[in-house]
Amino acid sequence: MLDTLTDDQEGATQLIPVGKKGLSTWLSAQPASWGEWIRLAKFKGEAGSLCAVPDETGKPSVVLVGLGNNDDPWVWASLPSRLPPGTYAVSLPMDRKRADWLALGWMLGTYAFSRYKKTDVKQWPRLVWPEHGNRDYVIAAADAIGMVRDLINMPAADFGPAQLAQAVVTLGNRFNAATTVIAGEDLPDQNYPMIHAVGQAAAAGREPRLIDLRWGDATHPKITLVGKGVCFDSGGLDLKNASGMKLMKKDMGGAAHVLGLASMIMTLNLPVRLRVLIPAVENSVAGNAMRPLDVLKSRKGVTVEIGNTDAEGRLVLADALWEASSEKPDLLIDFATLTGAARTALGTELPALFSNNTTLANRLVAAGDSEHDPMWRMPLYQPYRRMLDSRVADLNNASDSAYAGAITAALFLQEFVPSSIPWAHLDVMAWNPSSRPGRPEGG
């Protein structure tokens with residue numbers, strides 16, 4: 001993606017961004033011939049619309065880019081696939097945020113997962129780096145987003161718990177981070193019983209793991225990120241149907257997200273003490289798979305009855321969250337492709353946010369809105385905690401109710417996070433079911 005931006009401005013065609021409201025004002029300052037051409041082309045500044053204005057030789061002298069009414073930054077991501085090869089530049093002044101979006105959107109518009117396809121190398125158009133853009137940030141963000149997408153798009157046969165662990169080690173080595181991996185039978189020996197129980201039915205070489213990365217100055221604020229790393233989810237003995245199982249290579253999307261975020265933090269050398277915990281498992285079917293109504297003991301010591309073996313993500317997260325909490329981090333965030341109920345409530349594009357801290361939740365929502373990457377806060381409604389009651393254990397991992405599935409899943413996780421620790425839980429889709437500019441179908 002990076003090679004589609006350049007410092008060489010020679011011969012660059014100018015891109016001129018114009019919103020619907022500003023089009024007439026802009027036209028009034030242009031040659032009359034331009035106005036007539038644009039009128040004939042029926043260009044009205046609609047978001048994503050393009051209009052090439054030719055010079056006297058017939059070659060494009062400028063290309064107008066419609067921004068619509070909302071100045072949608074994703075418009076920039078639509079351009080690389082629609083403009084012919086060549087070099088382009090935006091000469092109009094932009095503040096840093098718009099310049100960053102221009103460069104980042106352009107790069108994301110060239111992303112493709114092509115590892116398994118024999119395709120010709122596409123000759124993308126190139127963009128001149130915008131003047132006020134923060135290159136360090138843009139490159140860090142593009143690299144991180146590309147890594148997240150690549151990890152999620154990998155087939156489960158080629159990307160199990162061992163490969164996920166190696167991806168963390170490789171990332172850690174780039175930044176001199178300390179990485180440890182607890183695997184297989186060492187998990188119950190070191191008191192991670194639920195991670196082991198979920199992953200114990202996987203084939204040899206795909207044993208469960210807890211991956212632990214540490215980086216940063218010990219004097220800085222401690223941020224701990226926890227990501228659900230279910231590399232494939234069959235549902236276990238409560239087997240999913242074909243449509244429900246089809247996309248389950250993406251069930252490690254939470255782990256991919258925390259690795260992307262960790263990559264940005266370390267690349268930009270932010271003044272934080274970072275810890276990343278990823279329980280990496282495959283929820284498989286075998287004679288030693290956990291059963292419905294089995295009772296597991298958690299790392300916290302509370303017992304959990306298995307109401308549904310397909311509610312496995314919250315089990316592995318619970319052990320990891322309790323370990324994360326043992327160090328009393330200043331901020332604890334987990335990412336997980338946890339529930340279909342969140343998708344039913346909010347759709348595929350809007351992650352569900354749960355938090356035990358209103359200030360934290362408000363800041364996350366505001367940041368998401370600012371970056372055109374919104375999320376929606378949902379309640380940790382305590383009366384629904386009764387839905388997780390068990391007659392034989394301290395709690396059940398799944399409610400028998402057909403309602404409030406995202407809330408009860410979050411309430412289960414909350415049992416493993418002390419109230420004194422600012423915590424946010426993001427229930428994410430991690431998958432685009434259809435393509436949009438800069439966001440192709442897939443991870």
Side-chain angles (χ1 to χ4, degrees), residues 1-6 8 13 48 50 74-88 103-128 138-171 173-174 202-203 205-206 229-234 240 242-257 259-260 263 267 280 282 284 337 348-349 428-443:
M1 293 188 288
L2 182 58
D3 61 1
T4 61
L5 276 85
T6 180
D8 184 5
T13 300
L50 298 177
W74 286 106
V75 164
W76 301 113
S78 71
L79 300 188
S81 62
R82 299 167 61 204
L83 292 171
T87 302
Y88 298 84
L104 179 59
W106 188 279
M107 280 199 277
L108 295 180
T110 67
Y111 172 84
F113 184 70
S114 57
R115 176 168 175 164
Y116 295 90
K117 295 185 73 173
K118 291 183 178 179
T119 57
D120 295 331
V121 177
K122 182 175 177 63
Q123 185 180 359
W124 293 103
R126 298 196 302 168
L127 176 73
V128 176
V138 169
I139 292 170
D143 284 347
I145 294 169
M147 178 181 69
V148 172
R149 293 176 177 181
D150 285 348
L151 294 178
I152 296 171
N153 284 326
M154 284 291 292
D158 293 340
F159 198 76
Q163 289 77 26
L164 178 53
Q166 184 56 53
V168 180
V169 171
T170 300
L171 178 65
N173 288 343
R174 281 176 51 195
R206 305 180 75 86
V230 178
C231 295
F232 190 78
D233 181 19
S234 70
K240 294 177 182 289
S243 62
M245 202 186 303
K246 183 177 182 179
L247 292 181
M248 283 302 100
K249 71 175 186 177
K250 77 171 183 70
D251 213 18
M252 40 62 66
H257 276 74
L259 286 182
S263 173
T267 298
E282 186 172 276
S284 300
T337 52
T348 62
E349 299 173 21
V428 300
M429 174 70 169
W431 190 266
N432 291 316
S434 59
S435 292
R436 293 168 291 152
R439 294 151 291 180
E441 180 180 350

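Residue numbers count from 1 along this sequence. Here the structure is a predicted model, which means the values were calculated and not measured.
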side-chain contact (heavy atoms from CB on, under 4.5 Å), that's the test. Do Val128 and Asp8 meet it? Break it down for me. CA-CA 7 Å; Val128 176; Asp8 184 5; over 6 Å; no
**Request:** Determine, stepwise, if the pair Arg149 / Leu108 fulfils side-chain contact (heavy atoms from CB on, under 4.5 Å).
**Result:** CA-CA 11 Å; Arg149 293 176 177 181; Leu108 295 180; 4.2 Å; yes
Query raised in the report: Under the side-chain contact (heavy atoms from CB on, under 4.5 Å) criterion, do Arg174 and Thr267 qualify, and how do the steps go?
Result: CA-CA 9 Å; Arg174 281 176 51 195; Thr267 298; 4.2 Å; yes
Given Phe232 and Asp251, is the side-chain contact (heavy atoms from CB on, under 4.5 Å) satisfied, shown in steps?
CA-CA 6 Å; Phe232 190 78; Asp251 213 18; over 6 Å; no
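At least one donor-acceptor pair closer than 3.5 Å links the side chain of Arg82 to the backbone N or O of Gly48. For the pair Thr170 (side chain) and Gln166 (backbone), a donor-acceptor distance under 3.5 Å is present. Without hydrogens or angle criteria, Lys250 side chain to Met429 main chain gives a donor-acceptor distance under 3.5 Å.
Proximity of Thr337 to Val428: side-chain heavy atoms (C-beta onward) are separated by under 4.5 Å at one or more points. Inter-residue side-chain proximity for Thr110 and Asp3 is flagged as unmet; no heavy-atom pair is nearer than 4.5 Å. When side chains are defined from C-beta on, Leu79 counts as touching Trp106, because their heavy atoms get closer than 4.5 Å.
Among the candidates Leu151, Ile145, Ile152, Asp150, the single residue satisfying the side-chain contact (heavy atoms from CB on, under 4.5 Å) test with Val148 is Ile152.
Considering all non-hydrogen atoms of both residues, Lys249 and Met154 come closest at CD-O, 3.4 Å. Contact record, Ala255 with Gly229: CB-CA, 3.8 Å, taken as the closest heavy-atom pair. Contact detail for Asp158 and Tyr116: the closest heavy-atom pair is OD2-OH, 2.6 Å. The nearest pair of heavy atoms linking Pro84 to Pro125 is O-CB, 3.6 Å. Considering all non-hydrogen atoms of both residues, Met245 and Asp233 come closest at CG-O, 3.9 Å. Here the closest heavy-atom approach between residue Trp124 and residue Thr4 is recorded as CB-CG2, 3.8 Å.
Note: Tyr88 OH to Leu83 CG = 4.5 Å, rounded to the nearest 0.5 Å. The line from CD1 of Ile139 to CE of Met107 is 6.0 Å long, rounded to the nearest 0.5 Å.
Judged as a side chain to side chain donor-acceptor pair (under 3.5 Å), the pairs with a partner in residues 433-443 (not counting sequence neighbours) are, in order, Glu349-Arg436, Asn432-Arg436.
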